[in-house]
Protein chains: 4
Amino acid sequence: MKLKSITFLIDCPDQRGLVSRISTFFYERGFNILHCQQYTDVKQNHYFMRLKLDMEALSTSRKQLEQQFAELARSLQISWSVHYSDDVQKMAILVTKASHCLYDLLLRWQEGELQCEIPVIISNHPDLEVVSEKFRIPFYCLPVTKETRPAQEKEILKILKQHHVDLVVLARYMQILSNSFVEEWKGKIINIHHAFLPAFQGAHPYLQAFERGVKMIGATAHYATPELDEGPIIEQDVERITHEDSVDDMIRIGKDVERVVLARAVKAHLEHRIILSGKRVIVFSTGV
Amino acid sequence: MKLKSITFLIDCPDQRGLVSRISTFFYERGFNILHCQQYTDVKQNHYFMRLKLDMEALSTSRKQLEQQFAELARSLQISWSVHYSDDVQKMAILVTKASHCLYDLLLRWQEGELQCEIPVIISNHPDLEVVSEKFRIPFYCLPVTKETRPAQEKEILKILKQHHVDLVVLARYMQILSNSFVEEWKGKIINIHHAFLPAFQGAHPYLQAFERGVKMIGATAHYATPELDEGPIIEQDVERITHEDSVDDMIRIGKDVERVVLARAVKAHLEHRIILSGKRVIVFSTGV
Amino acid sequence: MKLKSITFLIDCPDQRGLVSRISTFFYERGFNILHCQQYTDVKQNHYFMRLKLDMEALSTSRKQLEQQFAELARSLQISWSVHYSDDVQKMAILVTKASHCLYDLLLRWQEGELQCEIPVIISNHPDLEVVSEKFRIPFYCLPVTKETRPAQEKEILKILKQHHVDLVVLARYMQILSNSFVEEWKGKIINIHHAFLPAFQGAHPYLQAFERGVKMIGATAHYATPELDEGPIIEQDVERITHEDSVDDMIRIGKDVERVVLARAVKAHLEHRIILSGKRVIVFSTGV
Amino acid sequence: MKLKSITFLIDCPDQRGLVSRISTFFYERGFNILHCQQYTDVKQNHYFMRLKLDMEALSTSRKQLEQQFAELARSLQISWSVHYSDDVQKMAILVTKASHCLYDLLLRWQEGELQCEIPVIISNHPDLEVVSEKFRIPFYCLPVTKETRPAQEKEILKILKQHHVDLVVLARYMQILSNSFVEEWKGKIINIHHAFLPAFQGAHPYLQAFERGVKMIGATAHYATPELDEGPIIEQDVERITHEDSVDDMIRIGKDVERVVLARAVKAHLEHRIILSGKRVIVFSTGV
């Protein structure tokens, strides 16, 4: 059985004594630090920390712990969030017609690789309902046209709220979400783009890649932002190709890259290993 | 000792009987085929072949062989070139201040990995003369400003001609060659760009990469064309980085990628394994 | 729609005129060569060829074509096999409890990546019946102990015969097949081993890898032979790990490697791109 | 200009309050922590830490700092070492005839990638003296036979002592060092083995790899131990090959892997990023 744990994500201006003051705060409260990861952005003079504590030592209410930490945070100008491992996160998956990323997420979830609940799958097409049935997950089909987009998004937002969704994964959802949607869910929408960004933004990246004659194709998982394919990159990977590979080959090979890249990004998010830093992202390693 | 060999690079509209007619041409002349590689671009309906023959069976003059093949080529609309392994190619290296690609090419050449002569190293700065001295290769320092560019390029062209250069390698030569220079040397100038093209074209790609927060950095070797960083790609590779890597780390890590990518591209060119096809490039495998 | 095609796999002692004589044989019969790949093992002086023909030009019976080619083969000492794309191969999958490779094969098959039928899934445990149900494939549960092995294998062989199975894939089947079984199915059983062979043969390779402190873990797909984990290697890949990764992390990361390595090997086999050569394997590239 | 820094490498039984007590020790002495990296081996219940401090705040003698830290260390059962960035390490390189690793180390050293002095190159053959001359480094040629080994090693040890060598790099030194030599220099000899250990130990790994038909070849940098090729692994990498690659191709391709693997391992050692843990090695990331 896994230990219950508490994870703090912390960032603040770099200053002397941070490790000491933060770790002592938790030491004084009897906590055992399971994992402590740090990064200093020397250009920005900014400090980032991920602290994972054994929850067993928690002797106050969560609210009290947070209130006490908030005081320390104020004095050190810390931005922070706290996550309890027994607060199970809820992840919604948005798809269109391609099944490979959807299947991949569902299988990893089924195998316990992704610690979350998946209360809902939403699509603008009916094709993947059959997949959701195999895993007994509610499926909403919300077709969309240019005209109906505002209504359709409203409907999506309603469903997300209804199911208390924490994270939205665009697993090859081939629609562009409105700016207001994306901004409302800032840092909570992960998209997979089937190219090694910033190369080949927009539609048909494999065709672009074929025509440019690149020797490797890639995939990029990033947080969605109003600027299409410009969001902070969480994870990327590539696969080697040759002149023999047609666009269809690239699509097939690319699926394997998309799958693992998206899964790694989602896993990092669910494990609270990511801190946003402007257009960049700090991704702490898997660790404990 | 290596076999002497003759390599034909062939491309033509795809049509029935090509393999039979071409291979029979050489079989009738007593040649042993050491290696035969093919590729059909089904979209363009175009056929590409690399044929490597044991030179021992050559019983006519080279000119006669070429005249006879030219007849066959005409009847099949073949574009072709022929290369004899005892015609040693001459490669000029252009550099500025960074030494890593220059050293790498010289060491591989010294170890016999690159079958060529290196009659000359040309630079717009004096810094790397010391390297050329270590390998006893003539070094020309030709400084350049906007105003003197035409004269400097004229000088370069003169030197290339003087030394009967076949291939020009821009091993981190940080100057843009004029269109006329590039066009005169079409398909004979290999450049290394320190990014995974088409991402991060132009100057300071590692800084661009850092700011975009990519998770891998790469390098691209391509034939130079008048459009900067748009030439046909010969080889690419990448290396994984993390948020911890600064621009300086990326520059350091990138050097290792640049080195091997450039070396593989140059090796492929010298071994006559490349056929240009519009904006793409067919690169046959190493083979025999 | 895909072209119907005929694929010849050919190997013979290397000799002058092979390409010409073989390609001319097909040219004279009106065939268009879609793809022709070759390899010469210079140490063994042995020649390998894969020839893919457009089936449309077939103007005789298949038997006649084969009889005619057999004559040529005799004169050149050729070993060969021929495969018609409309002869759909039948692949049986053997599993135990781990589902990741099974799911992966089924999904690729469902998406059309693997051209075959899957008439049967066989397991020594009931756990994965639920997966076979999702894809509506017959599932046989054949438990086995040391004592019942001969009877169980007899049963497996009967089922394979009944379903006219061409290829057996051991998708994490955690039993050792008897020598007689393996020999009867020589070159027709593909196994996935969860390590980078020849490192970490036998049981618990990830534990071995952890204790040895390796920095990459891998997977190997190979044809089964009586010597455990010693069969000819078809495909391998690796993933980087660090000291932070526990055995459980390695198992999780390894799954992704196992999946793609097995899938690539199976795909190569089904596309008739593999020729056995002693303890080695020639795997021609994906091509057309 | 680089900051002067102090690096502590620490390991001890895991226990509550380690981060707090250690970081507070330095905070109280006015130190700014530049980088703090940790790892807990949960199986062994053992804790590892690398702490990099800005040296500017050092207000006592180094000896005093060490005495004070030794007290804390005693109370927490800490094993530790401390390294001052202005104590330049001295690295000896041992070679035989292959030049690629030697050149690579020298070039990286010349470019400032490896922070050390290289007082001496030692070889059992005269071939690479010409390389040492190019970089103006003293070269000792100490031929060796079975009979003269004890005397030759004695001579090597004398030279290492004379030059105050801290680290010995076996850059393709094709001799087996005696147990007593290796034990005297435990954790201070880095060897490069031209295979992906534990596969293909011993001589001619590329030939072994060819005959086994592996699809990737690799290299392994490890600390030397009396058991040949069994020492703790610091770094590994691989490169994909195909059936077309001969043993010679593998040797050529392997060189590129050996080069970077050895360089990364040496860099990690010189930057005090490695802590030995039985047969495993903790390698902290590059960081600041």
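Residue numbers begin at 1 in each chain, while the letters A, B, ... track the order of the sequences.
Checked against side chain to side chain contact (heavy atoms under 4.5 Å, CB included), C:Q208 has the following partners two or more places apart in sequence or in another chain: C:F200. Remark: A:H193 engages no residue in a ring-ring contact (aromatic ring centres under 6.0 Å, His included) (not counting sequence neighbours).
For a residue to count as touching a neighbouring chain, one of its non-hydrogen atoms must lie under 4.5 Å from one of that chain's; by this rule C:Q110 touches chain A with the side chain only. With a 4.5 Å cut-off on non-hydrogen atoms, C:S99 touches chain A through its backbone and its side chain both.
Atoms CZ and NE2, from A:R108 and C:H100 in turn, are 10.5 Å apart once rounded to the nearest 0.5 Å. To the nearest 0.5 Å, the span separating OH on A:Y103 from CG on C:D104 amounts to 12.0 Å. Atom NZ of A:K255 is separated from atom CD of C:E113 by 5.5 Å, given to the nearest 0.5 angstrom.
C:E111 CD: more than 12 foreign heavy atoms inside a 6.0 Å radius. Counted within 6.0 Å of CD on A:E133, heavy atoms from surrounding residues, nucleotides or ligands total more than 12; the atom is thus considered enclosed.
With respect to A:R264 and C:D256, no salt bridge is recorded, no charged nitrogen being found less than 4.0 Å from a carboxylate O.
Using a 4.5 Å heavy-atom cut-off against chain C, no residue of residues 120-131 of chain A qualifies as contacting. Below 4.5 Å, heavy atoms of chain A meet no heavy atom from residues 212-221 of chain C.
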Discussion item. Would A:E244 and C:H35 count as a side chain to side chain contact (heavy atoms under 4.5 Å, CB included) here? Give the steps.
Written reply: CA-CA 11 Å; A:E244 291 196 313; C:H35 205 44; 3.5 Å; yes
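When C:L107, C:D248, C:V260 are compared by the number of non-hydrogen pairs under 4.5 Å with chain A, C:L107 comes out ahead.
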